[in-house]
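Written out below as structure tokens is the structure these notes cover.
Below, chains carry the letters A, B, ... as their sequence lines are ordered, and counting in each starts from 1.
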Amino acid sequence: MAYTYFPGCCMHGFARHCQDSLYAVFNALGLELRELKDWNCCGATSYIAVDEYQAFTLAARNLALAEQAGLEVVAPCNACFMVLKKAQDYLARYSNLRERIEAALARGGLQYSGTVQVRHPLEIVIEKIGIKALREKVKRPLKGWNVAPYYGCLLTRPYTLRNGMTLEAFDQLIPALGANLVDFELKDRCCGGSLTGTIEEVGDRLVYILLHEAKRHNADVLVTVCPLCQLNVETHQKQFIRRDREDVNIPVPYFTQLIGLALGIPEKDLGLDRLLVPLDRVLEEHPAELRAAA
Amino acid sequence: MSPSFQPSVKYQKQLKRDLAAEILATPGGEKIYSCLQCGTCGGSCPLSGYMDFTPRQLIGMVREGFKQEVIESFSIWLCASCYECTVRCPAGIHVTDVMYALKRVAIREGIYPRRFPVPVLAKEFMRMLKSTGRTNEFWLAFKMLVKTTPLKLLTMWPLGLQMLRRGRLCLTFNRIPKPAGESLRQMLESVGERQ
């Protein structure tokens with residue numbers, strides 16, 4: 001099964017460990033990723049605060065390019081995922097917007113017909129591989145790990161996932177890897193987004209609430225599905241520890257890093273050494289051991 | 001300090017209806033007159049506790065013509081785009097899109113402190129995208145900090161160093177190849193300014 005891969009800016013920048021692990025896991029699961037040629041930034045949530053027509057053009061150009069490739073698009077960042085889906089929805093719903101965007105695309109010889117499907121890699125793993133098959137592929141069960149899932153906002157808001165998939169269905173990924181699922185009520189609460197860099201006093205509070213609650217639930221690991229959440233939740237821990245003297249230290253791997261570990265993929269291929277809060281402590285306490293060949 | 005009980009009164013002539021008209025023309029904002037003023041948006045918002053006016057109040061004020069108060073409010077910059085309000089609104093108002101539209105008006109009219117980071121970041125983001133087609137988080141953060149709180153750069157270097165050591169700090173721009181980049185620029189120009 002092959003997919004068009006829309007990396008988005010961060011997978012080529014600060015989140016290359018997420019990309020490394022995504023490629024490694026998809027490869028191991030027999031899923032192929034082909035990077036979209038000449039992709040551009042999706043516009044995220046900042047561009048639309050300056051110009052909405054240009055923002056929709058940015059997203060639509062990627063969709064039009066992806067249509068030429070003819071495969072489903074995988075967007076591993078929640079922001080890219082939502083922005084592309086929203087552009088599809090709004091272009092279908094608002095004809096005046098669509099006319100304007102189509103005219104702009106035509107200037108570059110592109111056409112958008114609305115047929116392409118945008119997917120998050122988590123959806124693909126659950127739908128195409130399935131929890132049961134994944135459990136069978138696990139070579140190093142993450143035994144004794146208490147893992148809390150953190151999905152962030154934009155995976156299920158404002159658009160619901162295909163086939164009635166829910167966050168509770170996604171939760172099952174964690175026990176499938178051999179770990180204990182920590183039920184985490186704040187799993188789709190906002191991490192603060194870009195506020196942590198702009199109105200820091202406020203943005204920090206949102207990150208803090210997540211960390212504090214994860215700790216209160218005795219989670220050893222907070223697993224994310226978005227590189228932006230990953231960065232936000234990871235980079236601010238030191239500051240809380242220093243300033244508020246509260247132990248909120250918790251590793252925040254991207255979900256394919258965790259799957260990769262359980263599948264027995266070598267750690268260097270998963271970019272574990274690139275995490276700011278390393279998984280070392282958890283790995284020492286609960287060494288994930290190779291399961292005897294069945 | 002004792003509270004001041006000065007009533008603030010606005011007369012019909014001072015109200016400005018153009019903001020409501022602009023929101024109505026925004027995709028997602030066309031239903032603001034169906035707002036029931038129930039407050040579900042503010043109740044769902046993880047940031048409403050820090051806001052001067054909740055989203056419900058902002059929509060009410062937009063409808064009644066209190067343009068200045070809305071555009072000058074701190075709330076519009078606090079929206080982090082989590083879409084909690086949008087999915088919960090019983091009237092089907094895309095509150096997040098309304099907040100984007102209010103940011104656009106404030107940025108267009110220049111109504112924000114010169115060194116306030118949110119609009120500065122949005123404008124730098126746009127500028128970078130127009131020139132390279134993709135963003136580089138490091139340079140984006142750097143440019144924003146230089147233009148807003150340059151002294152903060154002094155406290156940021158340990159994080160930068162950590163990221164650099166882990167190979168997560170990309171100093172070079174990730175440009176889209178030339179002919180494609182040129183055509184993207186043309187598209188953005190042609191869809192251009194509002195009519």
Side-chain angles (χ1 to χ4, degrees), chain A residues 9-10 12-17 37-41 43-54 56-58 61 79 82 90 93-94 97 100-101 103-105 107-110 153-154 157-158 189-190 192-195 197-200 202-203 205-206 209 231 235 238 273-276, chain B residues 26-28 46-47 50 77-78 80-84 86-87 94 96-97 100-101 103-104 107-108 116-123 125-126 129 133-138 141 144 148 158-159 162-163 166-170 174 176-177 179-181 183-184 186-194:
Chain A
C9 304
C10 41
H12 278 200
F14 66 81
R16 57 189 62 181
H17 56 305
K37 196 170 169 282
D38 296 339
W39 60 272
N40 59 265
C41 171
T45 52
S46 281
Y47 207 106
I48 195 164
V50 190
D51 188 312
E52 80 266 48
Y53 289 100
Q54 291 187 4
F56 281 113
T57 307
L58 288 168
R61 179 177 175 274
M82 183 282 290
Y90 277 35
R93 220 177 328 169
Y94 299 98
L97 176 70
R100 227 168 131 165
I101 303 300
L105 290 178
R107 288 286 292 264
L110 289 175
C153 306
L154 306 175
R157 280 194 308 269
R189 196 180 196 272
C190 178
S194 61
L195 286 181
T198 51
I199 311 177
E200 216 181 314
V202 176
R205 289 293 90 195
L206 273 73
I209 292 167
L231 182 77
T235 48
K238 249 194 182 149
D273 54 342
R274 293 188 198 271
L275 289 170
L276 295 182
Chain B
T26 299
L47 291 148
Y50 309 95
W77 306 109
L78 279 169
S81 293
C82 81
Y83 287 83
E84 194 81 70
T86 299
V87 297
H94 294 201
T96 313
D97 285 318
Y100 288 142
K103 283 182 190 165
R104 284 198 293 273
I107 288 178
R108 194 176 65 218
F116 186 53
V118 184
V120 172
L121 176 73
K123 285 165 84 170
F125 184 88
M126 178 181 197
L129 253 174
R134 294 173 189 169
T135 42
N136 174 306
E137 318 83 15
F138 168 72
M144 181 196 76
T148 56
L159 176 64
Q162 270 193 319
M163 295 289 276
R166 286 169 177 76
R168 288 173 63 182
L169 202 76
C170 193
N174 182 9
I176 56 175
S183 109
L184 171 64
Q186 279 175 8
M187 289 180 203
L188 291 177
E189 263 166 41
S190 75
V191 81
E193 278 76 54
R194 58 182 51 254

For L184(B) and T57(A): C-alpha separation, side-chain torsions, deciding distance, then whether side chain to side chain contact (heavy atoms under 4.5 Å, CB included) applies. CA-CA 9 Å; L184(B) 171 64; T57(A) 307; 5.6 Å; no

Which residue out of [options] racks up the most heavy-atom pairs below 4.5 Å with chain A?
options: K123(B), M163(B), Q186(B); answer: M163(B)
options: S183(B), G28(B), A141(B); answer: G28(B)
options: T148(B), D97(B), T96(B); answer: D97(B)

If I measure from the heavy atoms of chain B, does [X] come under 4.5 Å with its side chain, its backbone, both, or neither?
X: L154(A); answer: side chain
X: I209(A); answer: neither
X: D273(A); answer: backbone
X: K37(A); answer: neither
X: I48(A); answer: both
X: S194(A); answer: side chain
X: R61(A); answer: side chain
X: L206(A); answer: side chain

With a 4.5 angstrom heavy-atom cut-off, could you sort out which part of [X] is near chain A: side chain, backbone, both or neither?
X: L169(B); result: neither
X: N174(B); result: side chain
X: F116(B); result: side chain
X: L78(B); result: both
X: V87(B); result: side chain

For residues [X] and [Y], report the shortest heavy-atom separation together with the two atoms involved.
X: T135(B); Y: C41(A); result: OG1-SG, 4.1 Å
X: L129(B); Y: Y47(A); result: CD1-CD1, 3.4 Å
X: A80(B); Y: L195(A); result: CB-CD1, 3.9 Å
X: M187(B); Y: G108(A); result: CE-CA, 3.6 Å
X: P177(B); Y: D38(A); result: CG-OD1, 3.2 Å
X: Y83(B); Y: R157(A); result: O-CD, 3.6 Å

With a 4.5 Å limit on heavy-atom distance, are the side chains of [X] and [Y] in contact?
X: L105(A); Y: V191(B); answer: no
X: P27(B); Y: R93(A); answer: no
X: C170(B); Y: H12(A); answer: no
X: L276(A); Y: R166(B); answer: yes

Are the side chain of R274(A) and the backbone of R168(B) linked by a donor-acceptor contact shorter than 3.5 Å?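 Pair absent, no side-chain N/O of R274(A) close to backbone of R168(B).
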
Would a distance-only check, ignoring hydrogens and angles, find a side-chain to backbone donor-acceptor pair under 3.5 Å from R107(A) to L188(B)?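 Checking the backbone N and O of L188(B) against the side chain of R107(A), no donor-acceptor pair under 3.5 Å is found.
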
Counting heavy-atom pairs under 4.5 Å to chain B, which of [options] comes out on top?
options: S46(A), A79(A), P158(A); result: P158(A)
options: G193(A), A15(A), G13(A); result: G13(A)
options: L275(A), L231(A), I101(A), L97(A); result: L275(A)

Test log, rule side chain to side chain contact (heavy atoms under 4.5 Å, CB included), inputs M144(B) and T198(A): CA-CA 9 Å; M144(B) 181 196 76; T198(A) 51; 3.9 Å; yes

Pair Q54(A)-M126(B), side chain to side chain contact (heavy atoms under 4.5 Å, CB included): steps then yes or no: CA-CA 10 Å; Q54(A) 291 187 4; M126(B) 178 181 197; 3.3 Å; yes

Measuring from atom SG of C190(A) to atom CD of E84(B), what distance do you get when rounded to the nearest 0.5 angstrom?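 C190(A) SG to E84(B) CD: 9.0 Å, rounded to 0.5 Å.
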
Aromatic ring pairing Y90(A)/H94(B), orientation class (parallel under 30°, perpendicular over 60°, tilted between):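 Correct class here is tilted.
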
